[in-house]
Amino acid sequence: MENREDLNSILPYLPLLIRSSSLYWPPRVVEALKAMSEGPSHSRVDSGEVLWQAISDMRRSLSLSARLLAPSAPQGYALLFDELIRGEDSKRWFDEVVPALARLLLQLPSLLETHFRSADGVVGGVETGLRLLEPQQAGIIFLSQELIGALLACAFFCLFPVSTRGAKDLPVINFDHLFASLYESYSESHESKIRCIMHYFERVCSCMPTGTVSFERKILPAEYHTSSTTAHDADFWSKSDISLCAFKVHSSGLIEDQSDNALEVDFANKYLGGGALNRGCVQEEIRFMINPELIAGMLFLARMDDNEAIEIVGAERFSCYTGYASSFRFTGDYIDKKTMDAFRRRRTRIVAIDALCAPKMRHFKETCILREINKALCGFLIQRKSWQNQSIFIDKEDSEMQLASDDKDSDLMDTETSTSHGAPVNDVETNREKHVGSFVRDFCGEGSNCMDHEDVGVATGNWGCGVFGGDPELKAMIQWLATSQARRPFISYYTFGTQALENLDQVTKWIISHDWTVGDLWNMMLEYSAQRLYKQTNLGFFSWLLPSLYTTNEAISPS
C-alpha cells in the first residue's frame, strides 16, 4: 500500500494513518467512534452541543487544529439539532443515524484498502484509484457509493485535514462552514440544504446503496485549443463545417428531470461545488444537495483551468425540492429510478463547466467568447484518448452496455457491498468483488469511450447568466455550437422562463431550416458581438439576426 502513488497523493488530505501496508484510525478516535456506534447511552452524544464536543475531541486526537474550522460551527450544530430539530426526529438522529455514521467511519480504513486493491482492475490499463487530481492532470476515479458515504460521514464530523488544502487549490470539504452559516445568517433555504444532506445520511444508514460513481477531470485536446494565440481558435471555429445538431427548447421544467439520459450541465464554480458547503443556493449548490454524492469530488478535484471540465457519472438523487435561491425548500424523499451501466453507475451524467464572471459587455469580446465555447466543448466532448485498450459491447437482448478490456485477465470488478444498519465493524470484506458480465461484439473500436452512448445529448440552460453577467442569447448559441462540434445529437435547453429567450425555439428552427454549419453560426455570432461591443447595435442577438421576430407576430417560415 505504501508504494501506491495514488494513495500517497491523497493521504495528506485524509485523516487516516498508514503502517505496515494498513490504513487505520488512531486508537483514541477508534474508542470515540465505537462509543458513538453503541448509541448515546455509551457515548453521551445526544445533542448538537455534545456532538460538537465529540467532533472537537476526535480532531484533537488526529492532531488537527480546531482553530482552522469556522468559529461559529459549534453554535450551528447546536442550533440545528437542539432547536430546529426537536422531539422524535432529534432523538432518532442520535439513537440511530449518528451511531450508524460512526460505524461507517470505523469501516473507512477497510473500505479504502478494498478500494485500492480493486482499483487496478476496474478498467484494464486505466488508473481509477482515489487520488488528488490537480489542474492539467486528466484522469478518472471510481468510488463505490458505500465509500462515498463514509467520506461524507467524515466531512459531517469535520475530520478532514484543512491546512494542506489551500496550497493545492482544493475546495472546502468539511461541513463546519455549512453549519456555521446556518447560525450566522439563518434562512429557511439554508436549513433546507442541511436537511437534504441529513436525509441522504438517513437513507444510506438504513440501506446502503451498492452502486458506483465516477469522477473525471477532462482536458480539452490540443487540436481544439492553443494557449499561444486566440487567432487559431477563432479560425478553427470559423471553418467548422459540422452541421448544427437538433435543438429542443423547454420553457418549463428542470435539467435534472430530463428524460433523455442526456449529459446534464452543472453551472459550476471553478472550485467544484461552489458554495454548496457554505451559503450558496443556486443551480450548482442545489444539485449538490439533492445529489450529495457529488460532494465527494470536492475532496480530491482541484480548481478547474479554462481548458478543463469535470464529468461525474452515477450520482444518485435522494431529495425532492421546490424553489431556487432564497425560496429553496427540501420537500422530501426522492427515489432515483435511473438504470445502471456495466460499472453499476446510474445513467446520470453531470458535467461541471465554470463560466466567466465578468462585466456584461466584456462577454462580447472575442477572447471571452472563445474561452466560453472551448470550456463548453471540453465538457461536452467524449474523451477518447484517456480510454485506451478497451471496447464497447452491446447486448442485443437487453441493450445493457457491457465493457471488455483487451487484456483477457482485466475483468471488470465491482467493489460494492451492502452493509446493514447493524453490521459488525470488521465485516467489511463480504461481496466486495463481483464479475460484471459477458461481452457480445465490438461496437465502437479501439480507443473508444465506453462512458457514453453515441445518442447522448446535452441538457443545459442559462449557464453563467445570473450574477456572472452572461448574455442568455449568446450563451445559448455558444452551447449549441459546442454541442454540435462535440457531435452530440441534440441539445435540450431549459429557459427557466427567461424573457430574453421567449423566441429561442423560433430562432433555432429558422437557423436549422437554412442548413447552417457550426462555422456559419459562429461567424454570424462574432459579427454581432463586434457590433455590440463597439456600440453599433444595442439589439439582442435574436432581434439583430431576425428583426421580423420583433416587428410582426407571424411565425418565421423558411425561405
Take Asp6 and Arg4 through the test salt bridge (charged side-chain N to carboxylate O under 4.0 Å, His left out) and record every step on the way to the result. CA-CA 5 Å; Asp6 47 9; Arg4 294 192 65 103; 2.8 Å; yes
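- No hydrogens or angles considered: nothing links the side chains of Asn291 and Tyr200 as a donor-acceptor pair under 3.5 Å.
- The residue from Leu17, Leu16, Ile18 that alone fulfils the side-chain contact (heavy atoms from CB on, under 4.5 Å) condition with Tyr24 is Leu17.
- Side-chain atoms of Phe380 and Gln485, non-hydrogen and from C-beta on, never get closer than 4.5 Å to each other.
- Considering only heavy atoms from C-beta on, Phe318 stays 4.5 Å or farther from Asp336 through its side chain.
- For the pair Met58 and Leu33, the tightest heavy-atom approach, listed with the atom from each and the gap, is SD-CD2, 3.7 Å.
- The closest side-chain heavy-atom distance from Val204 to Gln145 is not below 4.5 Å.
- Interatomic distance, Leu79 CG to Leu182 CG, rounded to the nearest 0.5 Å: 4.5 Å.
- Taking a 6.0 Å sphere around NZ of Lys365, one finds it holds 12 or fewer heavy atoms contributed by other residues, nucleotides or ligands.
- Partner Phe160 forms a side-chain contact (heavy atoms from CB on, under 4.5 Å) with one of Leu151, Val172, Leu64, Leu170 and no other, that one being Leu151.
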Go through it in stages, so that I can follow the logic: the residues are Glu293 and Arg346, the test is salt bridge (charged side-chain N to carboxylate O under 4.0 Å, His left out), and I'd like the CA-CA distance, side-chain angles, deciding distance and then a yes or no. CA-CA 12 Å; Glu293 291 165 336; Arg346 279 176 173 76; over 6 Å; no
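- Formation of a donor-acceptor pair under 3.5 Å by the Glu146 side chain with backbone atoms of Met208 is not found in this model.
- Arg59 places a side-chain N or O within donor-acceptor distance of the main-chain N or O of Ser65, the cut-off being under 3.5 Å.
- Ring centers of Tyr77 and Phe175: at least 6.0 Å apart, outside the cut-off.
- There is no side-chain donor-acceptor pair under 3.5 Å between Gln258 and Ser492.
- For His190 (side chain) and Leu178 (main-chain N/O), a donor-acceptor pair under 3.5 Å exists by modelled atom type.
- Looking at Arg217, its side chain does come within 3.5 Å of a backbone N or O of Leu133 through a donor-acceptor pair.
- Between the side chains of Thr348 and Arg317, no donor-acceptor pair of N or O atoms lies under 3.5 Å.
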Kindly determine whether Glu284 and Asn269 satisfy side-chain hydrogen bond (donor to acceptor under 3.5 Å, both in side chains), including the steps that lead there. CA-CA 8 Å; Glu284 179 173 39; Asn269 188 285; 5.8 Å; no
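- Atoms SG and CD1, on Cys378 and Ile353 in that order, are 9.0 Å from each other to the nearest 0.5 Å.
- In this structure, Tyr324 contributes its side chain and Val282 its backbone to no donor-acceptor pair below 3.5 Å.
- Side-chain atoms of Arg117 and Thr114 form a donor-acceptor pair, as typed in the model, at a separation below 3.5 Å.
- With values rounded to the nearest 0.5 angstrom, Lys270 atom NZ is found 10.0 Å from Lys375 atom NZ.
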Could you go through the salt bridge (charged side-chain N to carboxylate O under 4.0 Å, His left out) check for Asp354 and Arg371 one step at a time? CA-CA 11 Å; Asp354 56 301; Arg371 187 273 181 194; 3.0 Å; yes
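- Formation of a donor-acceptor pair under 3.5 Å by the Ser72 side chain with backbone atoms of Gln75 is not found in this model.
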Pair Arg349, Glu311 - check salt bridge (charged side-chain N to carboxylate O under 4.0 Å, His left out), show working. CA-CA 7 Å; Arg349 305 167 175 87; Glu311 185 169 336; 5.5 Å; no
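- From Ser37, atom OG reaches atom CG of Leu104 across 11.5 Å, with rounding to the nearest 0.5 Å.
- The shortest heavy-atom contact between Asp333 and His199 is OD1-NE2, 2.7 Å.
- Across Met36 and Ala102, no two heavy atoms sit closer than the pair CB-CB, 3.8 Å.
- Other residues, nucleotides and ligands contribute over 12 non-hydrogen atoms within 6.0 Å of the CZ atom of Phe328.
- Atom CG of Asp82 is separated from atom OG of Ser90 by 6.5 Å, given to the nearest 0.5 angstrom.
- Phe300 and Phe215 have their aromatic ring centers within a separation under 6.0 angstrom.
- Here the side chains of Phe468 and Lys475 are not in contact, with every heavy-atom distance at 4.5 Å or above.
- With Glu316 as the partner, the salt bridge (charged side-chain N to carboxylate O under 4.0 Å, His left out) test is satisfied by one option alone out of Arg347, Arg203, Lys338: Arg203.
- Summarising the geometry, atom CD1 belonging to Ile373 is positioned 10.0 Å from atom CG belonging to Asp233; distances are rounded to the nearest 0.5 Å.
- If you look at Phe156 and Trp93, their ring centroids are closer than 6.0 Å.
- Within a 6.0 Å radius of CD in Glu202, more than 12 heavy atoms belonging to other residues, nucleotides or ligands are found.
- With contacts defined as side-chain heavy-atom distances shorter than 4.5 Å, the pair Asn307/Asn374 does not qualify.
- The closest side-chain heavy-atom distance from Glu308 to Pro135 is below 4.5 Å.
- Between the side chains of Glu256 and Tyr321, at least one donor-acceptor pair of N or O atoms lies under 3.5 Å.
- For Glu285 and Asn278, the side-chain atoms include no donor-acceptor pair closer than 3.5 Å.
- Taking 4.5 Å as the limit, every side-chain heavy atom of Leu277 sits out of range of all side-chain heavy atoms of Phe288.
- The shortest side-chain heavy-atom distance between Leu105 and Leu159 falls under the 4.5 Å cut-off.
- Ser9 places no side-chain N or O within donor-acceptor distance of the main-chain N or O of Arg131, the cut-off being under 3.5 Å.
- Of all the heavy atoms in Ile148 and Leu143, the pair that sits closest is CG1-CB, 3.8 Å.
- Summarising the geometry of Tyr13 relative to Pro161, their closest heavy-atom pair is O-CD, 3.5 Å, with the distance given to 0.1 Å.
- Closest of all the heavy-atom pairs between Gly297 and Leu272 is C-CD2, 3.8 Å.
- A donor-acceptor distance shorter than 3.5 angstrom exists from the side chain of Ser192 to the backbone of Phe330, with no hydrogens or angles considered.
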